[in-house]
Amino acid sequence: MKIIRWTLLTLALPLLLGIGLSVTGCKKTLEPGGAYAATNTVPDITFYQIDSGFQAAYSTLDAAFNWERNNRDALWKISPSIKHDLDGIRPKAAEVVQNYAAARTAYKQHPTPAGLTTLQTILAKARQLMDTAQAVIANNLK
Amino acid sequence: MSIAALLATWLPLIFSAATDIPKVVQNWIAFVKALAGAGIITAAEQDKLMAFLDGLLLSWAKGEIPPAWTVEPDPPTPATTTP
């Protein structure tokens with residue numbers, strides 16, 4: 001009896017998993033009533049995705065800059081170019097954050113497709129700087 | 001651990017779980033429901049991201065730039081000693 005049940009179970013589990021995965025897929029939607037419904041009458045998924053991407057880029061840059069600053073003396077002895085290369089990114093990154101802040105405020109006041117495009121352009125720059133910062137650390141610590 | 005010891009440990013556990021099929025199926029339905037909900041970003045998650053970025057960008061707009069984001073002077077290079 002146990003073996004029959006076990007066989008049924010082993011047949012049922014992949015079926016249930018398959019149904020689960022086919023139902024869910026990778027689609028993301030915003031629950032109504034959240035903060036990203038405030039800019040438009042419908043939840044603004046693109047704005048949410050851009051903000052989410054910016055948060056990730058910001059956090060990575062922040063982690064890289066803080067890591068170098070907190071370990072500056074030790075890293076300076078390994079390679080002064082770690083600080084120098086990150087110093088080359090710092091002003092650009094700060095400018096990107098300020099540009100994003102301004103574009104985001106403008107978009108929240110007047111949500112237009114052009115505003116979203118501006119935010120996407122700034123996000124692309126932030127991601128580029130994030131990649132550069134990661135490369136600086138990886139290349140100097142080889 | 002030998003294969004025999006592994007089997008002796010795990011097989012009874014697996015079969016004891018398998019006997020309670022309704023409970024296992026119930027757990028799987030709960031799992032599938034959780035999977036279905038994974039594609040939806042809740043209002044609380046949205047509010048959290050919005051509040052984080054609003055606060056962060058407001059402090060930047062006020063000129064409160066984190067020290068790690070500014071270019072600071074290089075540390076002193078240790079003097080090289082000559083024998």
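Reminder, nothing fancy here: chain letters follow the sequence lines and each chain counts from 1. Note that this is a predicted model, so its numbers are computed, not measured.
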Is B:L56 in contact with chain A via its backbone, its side chain, both, or neither, using a 4.5 Å heavy-atom distance?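 Looking at B:L56, just its side chain touches chain A.
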Select one option (side chain, backbone, both, neither) describing which atoms of B:P66 are under 4.5 Å from chain A's heavy atoms. side chain
Could you check which of A:F65, A:F54, A:Y58, A:Y100 has the highest count of heavy-atom pairs closer than 4.5 Å to chain B? A:Y58
From the list A:R104, A:Q55, A:R72, the residue making the most non-hydrogen contacts under 4.5 Å with chain B is A:R104
Heavy-atom proximity to chain B below 4.5 Å, by part of [X]:
X      : answer
A:R90  : both
A:N70  : neither
A:T105 : neither

Does some side-chain heavy atom of [Y] sit less than 4.5 Å from a side-chain heavy atom of [X]?
X     : Y     : result
A:L61 : B:W69 : yes
A:Y36 : B:L49 : yes
A:Q98 : B:I65 : yes

Please name the pair of heavy atoms, one in [X] and one in [Y], separated by the smallest distance, quoted to 0.1 Å.
X     : Y     : value
B:E72 : A:D87 : O-OD2, 4.2 Å
B:A43 : A:P32 : CB-O, 4.4 Å
A:N66 : B:A68 : OD1-CB, 3.3 Å
A:W76 : B:P76 : NE1-O, 4.2 Å
A:K83 : B:P73 : CE-O, 3.7 Å

So, taking the atom named [atom1] in [X] and the one named [atom2] in [Y], what distance separates them when rounded to the nearest 0.5 Å?
X      : Y     : atom1 : atom2 : result
B:M50  : A:F47 : CE    : CZ    : 5.0 Å
A:D51  : B:L57 : CG    : CG    : 8.0 Å
A:K108 : B:D54 : NZ    : CG    : 3.5 Å

Verify, without hydrogens or angle tests, whether B:D47 (side chain) and A:A35 (backbone) share a donor-acceptor contact under 3.5 angstrom. yes
Co-membership, hydrophobic cluster, residues A:V96 and B:V71, 4.5 Å side-chain: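 In one cluster with A:V96: B:V71, no.
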Do B:L53 and B:L58 belong together in a cluster built from hydrophobic side chains that touch within less than 4.5 Å? no
